[in-house]
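Step one of this worksheet: look at the structure below.
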Amino acid sequence: MELHHHFSHQHPLEFIEDHNLKSEKANCSGCGELVSGPSFSCTECGFYLDKKCFEATSEVNHPFHEHPLVLQFNSQRLPCQICQITQPRGLVYCCSPCEFAIHIACVERPTIINHPCHRHHPLILQLNLKSLLCQICRETQALLPAYYCSACKFGLHVKCVSPKPTIKGEIHEHPFTLFWRQVPFICDACGTSGDCISYICSPCGLIVHENCISLQPIIKRFPRHGHSICHTFILGQYEIKSWKCKICHEEVNSKHGCYCCSDCNYVVHANCALEDYRWYNIFDDEIGEAGELLNNSAFAVIKETKLGENPAIPTEIKHLSHPHNLIFSNDIKDDKYCDGCVLFISTSFYHCAQCDFFLHKSCAELPKKMFDWRHRHQRPLTLKLHADFLCPQCVFLFNNCFSYDCNVCEARHCVRCIQFSDTPTCQGHEHRLLRYEKYEGQCNGCGNYLQYAYACKECNFAVEYGCLTLPDKIQHNCDEHPLMLTYGEDNIYSEYHYCDICEKGRNPSHWFYRCASCDYSVHKNCVINRYVYMKLRKTYTIKDHPHPLTFTRKVYDYPPECHKCEEHCKDLSAECLENGCHYIVHWKCIDPHREDILWLLRQRGS
């Protein structure tokens, strides 16, 4: 047995004439590549060097550095100046004083090449090129080594110079073969153009971008849609009613690949699907999620009634949010709030016969767990009842009502926001609205200039999210009756177009709140603030006061002064109702969510 010594290892190395990958796979401790053919090893330590690394010269001169480079073990873990990859451990040529390193394989890389993608001139290896567009991968990366023709301003990233001759991907049954000729083409996988190198499947007549070969064949539970979507090269095999992409709303070309859910006639461009999907943090826990969603009802049925051919209706239930049983009713009297969503009750509901607790039938039927397509963490959110919380979607504060909580980031979402569709309806417009990430125009609700919008382009109708989620009906201390959201008015006389609170002019085409009984109209901003959903007569405790405080809104002209800011408490306040205690404060003066609200509004430019 012939033994050899190498400076990189403390033990003698045994020469192996032919290292067979089928019998034992091992990585070279010098370059990190799989060892094959002649090699040297220390079986006791599992240390291997392929023949190229073992015989590498101890010192080289390289045109990219003024000093000699010495072969050494990469204890400093410096990135290679040519490929920009940092080896975990291994042999590199290094100038330690300058912290300049080049891998063994990269030091042999030629500084001048002739390449089939650019036949006019040779390409010269250069370091630190600024904003180079690689003609193969079509990506722009700054300050990276590349082969470059300065006369033609043509460049290739070092890693792109030698693409793989064949690639097998999961989106197609056959491998794709490299096609060197640079000709314009439309990629059959994503439907976008290309003029760099491509890969082809000759038996099927497909031509694709290199990056598209690695597309996922199936995206499981696509967040915007809720179901899995599959990649297809032949969209025409499905009976698709609408060929518009459900994300960008532009036409999907049926001659090229895309993602679709054939059961729902749901179609998206491949690139739209991937860009949208990358935003989310996906948690791969299908078994756990399936178990959580299997028994997902938030109530148990105590009694039910069947009327004719209609399905049985639960007439008495035990809901997880309340200690007493709830009774079903259609008898809508007075103005009652739902304790789930905090909106007025105008349809069937459940109520407690023992205490003042009400739930819309739809809110009682909400599941214990559900997904929110707009939340980054894609795990089922859990239904909870909280004393107070801030919804990060609509930036309203809520108290003593339902929220859906994320167990990753602890965000709490209100019922309205978690049920919000990416194609919502609006009572102020007859058609469904589509979400546009970029939109130029004014909001039909408030007149603000839009950066993104929910819009019906055919009707030139667009609204911002804040207007789209306005409550239809609110109670305000400016009027004894509830105020209804009104979507413009037909009265042409300008003297009627003013706000009864601030007494300033009102644009009749913008949305406003109105009491028809009193002929009382107000700007939405004069009655809507971040506390509009806070329920009165609920209690709250603070460290600065020994008694519980009760939420209230004073309606008379000279309310008491706030113990914090000493201004009159005309807005939402917290008051002590203990005998002899006259403590009262504005809620905004003690709101623990105040800084979060301001930060969220700044993020959105509000």
Side-chain angles (χ1 to χ4, degrees), residues 332 334-338 340-347 349 358 360 362-363 391 393-398 401 414-421 423-433 435 442-448 450 453-456 459-492 496-536 553 555 571-572 604 606:
I332 301 167
D334 304 323
D335 294 312
K336 298 293 186 183
Y337 286 97
C338 171
C341 65
V342 205
L343 296 178
F344 275 96
I345 290 177
S346 57
T347 58
F349 63 97
F358 299 85
H360 287 117
S362 58
C363 289
C391 176
Q393 299 281 10
C394 60
V395 202
F396 283 112
L397 195 64
F398 296 81
C401 65
C414 71
V415 169
R416 289 193 76 188
C417 287
I418 199 171
Q419 292 182 305
F420 194 81
S421 165
T423 56
T425 57
C426 171
Q427 290 190 16
H429 191 69
E430 58 184 322
H431 305 134
R432 277 193 173 272
L433 306 180
R435 177 185 170 94
Q442 288 182 284
C443 173
N444 285 73
C446 62
N448 289 343
L450 299 166
Y454 292 87
C456 173
C459 302
N460 195 27
F461 179 89
V463 289
E464 62 184 20
Y465 183 73
C467 286
L468 197 54
T469 54
L470 286 170
D472 298 327
K473 184 178 180 181
I474 64 167
Q475 189 75 53
H476 194 270
N477 57 15
C478 67
D479 195 277
E480 60 181 321
H481 307 116
L483 303 177
M484 304 299 297
L485 181 61
T486 307
Y487 304 94
E489 60 181 330
D490 298 327
N491 194 326
I492 62 173
Y496 289 97
H497 303 156
Y498 66 91
C499 171
D500 285 297
I501 290 181
C502 70
E503 299 183 352
K504 293 180 180 179
R506 228 180 3 89
N507 188 327
S509 63
H510 292 166
W511 301 354
F512 62 98
Y513 280 92
R514 177 173 172 76
C515 172
S517 302
C518 303
D519 193 21
Y520 194 87
S521 300
V522 294
H523 291 123
K524 70 177 185 65
N525 288 342
C526 288
V527 291
I528 295 290
N529 60 28
R530 295 297 144 192
Y531 307 137
V532 68
Y533 289 110
M534 295 288 283
K535 292 190 286 187
L536 305 182
R553 281 191 177 93
V555 295
D571 200 352
L572 178 69
R604 300 175 190 196
S606 301

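For this chain, numbers begin at 1 and follow the sequence in order. Side-chain atoms are counted along with the backbone in the values below, which use heavy atoms only and exclude waters and symmetry mates.
- Distance check: Asp479 CG to Cys515 SG gives 4.0 Å after rounding to the nearest 0.5 Å.
- Note: Lys504 NZ to Cys526 SG = 8.0 Å, rounded to the nearest 0.5 Å.
- Nearest approach of Trp511 to Cys467, heavy atoms of both residues: CZ3-O, 3.3 Å.
- In this structure, Ile501 and His476 have side chains that are in contact, with non-hydrogen atoms separated by less than 4.5 Å.
- Remark: the backbone N or O of Tyr498 is paired with a side-chain donor or acceptor of Arg506 at under 3.5 angstrom.
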Kindly indicate, with the supporting measurements, whether the criterion side-chain hydrogen bond (donor to acceptor under 3.5 Å, both in side chains) is fulfilled by Thr486 and Arg514.
-> CA-CA 7 Å; Thr486 307; Arg514 177 173 172 76; 5.6 Å; no
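- Taking the side-chain contact (heavy atoms from CB on, under 4.5 Å) definition, one finds that Thr425 meets it with Arg432, sequence neighbours left out.
- The main-chain N or O of Ser362 is never found under 3.5 Å from a side-chain atom of His360 such that the two would form a donor-acceptor pair.
- A donor-acceptor pair under 3.5 Å links the side-chain atoms of Arg416 to the main chain of Thr469, judged by distance alone.
- Note that the CG atom of Asp500 and the SG atom of Cys518 stand 10.0 Å from one another [nearest 0.5 Å].
- Heavy atoms only, all atoms of each residue included: Cys417 and Gln393 are closest at SG-CB, 3.6 Å.
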Please lay out, stage by stage, how Asn529 and Phe396 fare under the test side-chain contact (heavy atoms from CB on, under 4.5 Å).
-> CA-CA 8 Å; Asn529 60 28; Phe396 283 112; over 6 Å; no
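- No side-chain heavy atom of Met534 sits under 4.5 Å from any side-chain heavy atom of Val342.
- Annotation: side chain of Gln427 is in contact with side chain of Asp472 (closest heavy-atom distance under 4.5 Å).
- Closest approach of Tyr533 to Leu470, counting heavy atoms only: OH-C, 4.5 Å.
- For the pair Lys524 and Phe512, the NZ or CZ position fails the cation-pi test of under 6.0 Å to the six-membered ring centre and within 45 degrees of the ring normal.
- For Tyr454, the ring-ring contact (aromatic ring centres under 6.0 Å, His included) partners are Phe420, not counting sequence neighbours.
- His429 is linked by a ring-ring contact (aromatic ring centres under 6.0 Å, His included) to His431, Phe461, counting only residues two or more places apart in sequence or in another chain.
- Annotation for Arg553 and Leu572: closest pair CG-CA, 4.0 Å, computed over non-hydrogen atoms.
- Formation of a donor-acceptor pair under 3.5 Å by the Gln442 side chain with backbone atoms of Gly447 is found in this model.
- The structure places CG of Leu468 at 12.0 Å from SG of Cys394, a figure rounded to the nearest 0.5 Å.
- A 4.5 Å side-chain heavy-atom check between Pro482 and Gln475 finds at least one atom pair inside the cut-off.
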Using the side-chain contact (heavy atoms from CB on, under 4.5 Å) rule, take Cys478 and Val527 through it: C-alpha gap first, then chi angles, then the decisive distance, then the call.
-> CA-CA 8 Å; Cys478 67; Val527 291; 4.3 Å; yes
Verdict with reasoning, Cys338 to Leu343, per side-chain contact (heavy atoms from CB on, under 4.5 Å) = CA-CA 6 Å; Cys338 171; Leu343 296 178; 5.6 Å; no
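- In this structure, Asn444 contributes its side chain and Ala462 its backbone to a donor-acceptor pair below 3.5 Å.
- Here the OH atom belonging to Tyr465 is positioned 14.0 Å from the SG atom belonging to Cys443, to the nearest 0.5 angstrom.
- Here CE of Met484 is found 11.0 Å from OG of Ser517. Values are rounded to the nearest 0.5 Å.
- Considering only heavy atoms from C-beta on, Cys446 comes within 4.5 Å of Glu464 through its side chain.
- Taking 4.5 Å as the limit, every side-chain heavy atom of Phe398 sits out of range of all side-chain heavy atoms of Lys535.
- Between Tyr337 and Phe344, the ring centre distance stays below 6.0 Å.
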Take Arg530 and Val395 through the test side-chain contact (heavy atoms from CB on, under 4.5 Å) and record every step on the way to the result.
-> CA-CA 7 Å; Arg530 295 297 144 192; Val395 202; 3.8 Å; yes
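- Between Leu485 and Pro471, the shortest heavy-atom distance links the atoms CB-O, 3.8 Å.
- Inter-residue side-chain proximity for Leu433 and Thr423 is flagged as unmet; no heavy-atom pair is nearer than 4.5 Å.
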